[in-house]
Chemist: 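Just passing along the structure, written as structure tokens.
All values reported here derive from a predicted model rather than from experimental measurement. Note: hydrogens, waters and symmetry copies are ignored here, and every other heavy atom, side chains too, is used.
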Amino acid sequence: MQKNIEKEDCLVITLDDYCREMNISKINLLKIDVQGFENQVLKGAKEILEGGVVDLILVEIIFDDCYGVGNTFFNVESFLVPNGYILYDIFHIYKDIRIGRTNWVDAVYIKKDTLKLLLDDKL
């Protein structure tokens with residue numbers, strides 16, 4: 001079965017540029033759900049990730065290359081871990097019940113400094 005696919009050009013701006021233009025200096029929660037283009041979004045957020053602007057990141061990680069972009073768990077980790085984020089939780093695990101394979105998950109990353117503040121506040 002052949003599908004008709006329409007393409008439309010659209011303006012794209014990086015998170016770094018958007019935060020700079022809008023004078024955003026702090027983000028409590030950044031949700032990234034871009035159907036396999038997480039790597040590109042993270043590349044465009046290099047400055048805000050390095051600068052500790054974002055406390056929590058909720059990111060969809062797709063294990064099946066259904067969009068042909070080759071996104072992997074390792075790719076996401078390679079951007080976040082060196083910038084002081086740790087994997088805090090995984091939820092919304094979607095499995096393909098026909099083959100028993102996990103296709104995607106939602107993962108929460110937290111800035112180490114933010115986690116320390118939260119834990120200190122609880123003690």
Chemist: How far apart are the closest heavy atoms of Ala107 and Ile61, and which atoms are they?
Modeler: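 Looking at all heavy atoms of both residues, the closest pair is CB-CD1, 3.8 Å.
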Chemist: Measuring from Leu115:CG to Asp120:CG, what's the distance to the nearest 0.5 Å?
Modeler: 9.0 Å
Chemist: Show every side chain to side chain donor-acceptor pair (under 3.5 Å) that has at least one partner inside residues 7-16, sequence neighbours left out.
Modeler: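 Only Thr14-Asp17 qualify under side chain to side chain donor-acceptor pair (under 3.5 Å).
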Chemist: How long is the straight-line distance from OH of Tyr88 back to CG of Leu118, given to the nearest 0.5 Å?
Modeler: 7.5 Å
Chemist: Could you tell me which residues satisfy ring pair (Phe, Tyr, Trp, His ring centres under 6.0 Å) with Tyr94, sequence neighbours excluded, listed by chain and number?
Modeler: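 By the ring pair (Phe, Tyr, Trp, His ring centres under 6.0 Å) rule, Tyr94 matches Trp104.
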Chemist: Report yes if the side chains of Val105 and Phe73 come closer than 4.5 Å at any heavy-atom pair, otherwise no.
Modeler: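 Result no, sub-4.5 Å side-chain heavy-atom pair not found.
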Chemist: So if you build clusters from Ile, Leu, Val, Met, Phe, Trp, Tyr with side-chain heavy-atom gaps below 4.5 Å, do Ile93 and Ile32 land together?
Modeler: yes
Chemist: Any heavy-atom pair between the side chains of Glu21 and Ile13 that's under 4.5 Å?
Modeler: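 Yes, their side chains come closer than 4.5 Å.
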Chemist: Please name the pair of heavy atoms, one in Glu60 and one in Gln35, separated by the smallest distance, quoted to 0.1 Å.
Modeler: OE1-OE1, 3.6 Å
Chemist: Report whether Ile90 and Phe74 are members of the same hydrophobic cluster (ILVMFWY, side-chain heavy atoms less than 4.5 Å apart, transitive linking).
Modeler: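 Different clusters.
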Chemist: Who passes side-chain contact (heavy atoms from CB on, under 4.5 Å) against Leu80, sequence neighbours left out?
Modeler: Leu42, Leu49, Ile57, Val76, Tyr85, Tyr109
Chemist: In terms of hydrophobic clustering (I, L, V, M, F, W, Y; side-chain heavy atoms under 4.5 Å; direct or indirect links), are Leu119 and Val108 co-clustered?
Modeler: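 Yes, Leu119 and Val108 fall within the same hydrophobic cluster.
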Chemist: So that I can tick it off, tell me whether Lys111 and Asp113 are bridged by a salt bridge, with the cut-off set at under 4.0 angstrom between side-chain N and carboxylate O.
Modeler: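 Judged by the 4.0 Å cut-off on N to carboxylate O distance, Asp113 and Lys111 do not form a salt bridge.
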Chemist: Taking the side chain as C-beta and beyond, is there a heavy-atom pair between Leu15 and Ile27 under 4.5 Å?
Modeler: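 Not in contact.
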Chemist: Got a sec, which residues hit salt bridge (Lys or Arg N to Asp or Glu O under 4.0 Å) with Asp33, two or more places apart in sequence or on another chain?
Modeler: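 Counting only residues at least two positions away or on another chain, Asp33 forms no salt bridge (Lys or Arg N to Asp or Glu O under 4.0 Å).
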Chemist: If Ile, Leu, Val, Met, Phe, Trp and Tyr residues are connected whenever their side-chain heavy atoms lie under 4.5 Å apart, and connections chain through other members, are Met22 and Val41 in the same group?
Modeler: yes
Chemist: Can you tell me how far CD1 of Ile110 sits from CG of Asp55, rounded to the nearest 0.5 angstrom?
Modeler: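 CD1 of Ile110 is found 7.5 Å from CG of Asp55.
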Chemist: Taking side-chain contact (heavy atoms from CB on, under 4.5 Å) as the test, write out the residues that go with Val81, two or more places apart.
Modeler: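 In terms of side-chain contact (heavy atoms from CB on, under 4.5 Å), with neighbours along the sequence ignored, Val81 is linked to Glu77.
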Chemist: For the CG atom of Asn103 and the CD1 atom of Ile97, what is their distance to the nearest 0.5 Å?
Modeler: 11.0 Å
Chemist: Please round to the nearest 0.5 Å and tell me the distance separating atom CG of Asn83 and atom NZ of Lys112.
Modeler: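 If we round to the nearest 0.5 Å, Asn83:CG and Lys112:NZ are 10.5 Å apart.
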Chemist: Of all residues at least two apart in sequence or in a different chain, which pass the salt bridge (Lys or Arg N to Asp or Glu O under 4.0 Å) check with Lys95?
Modeler: none
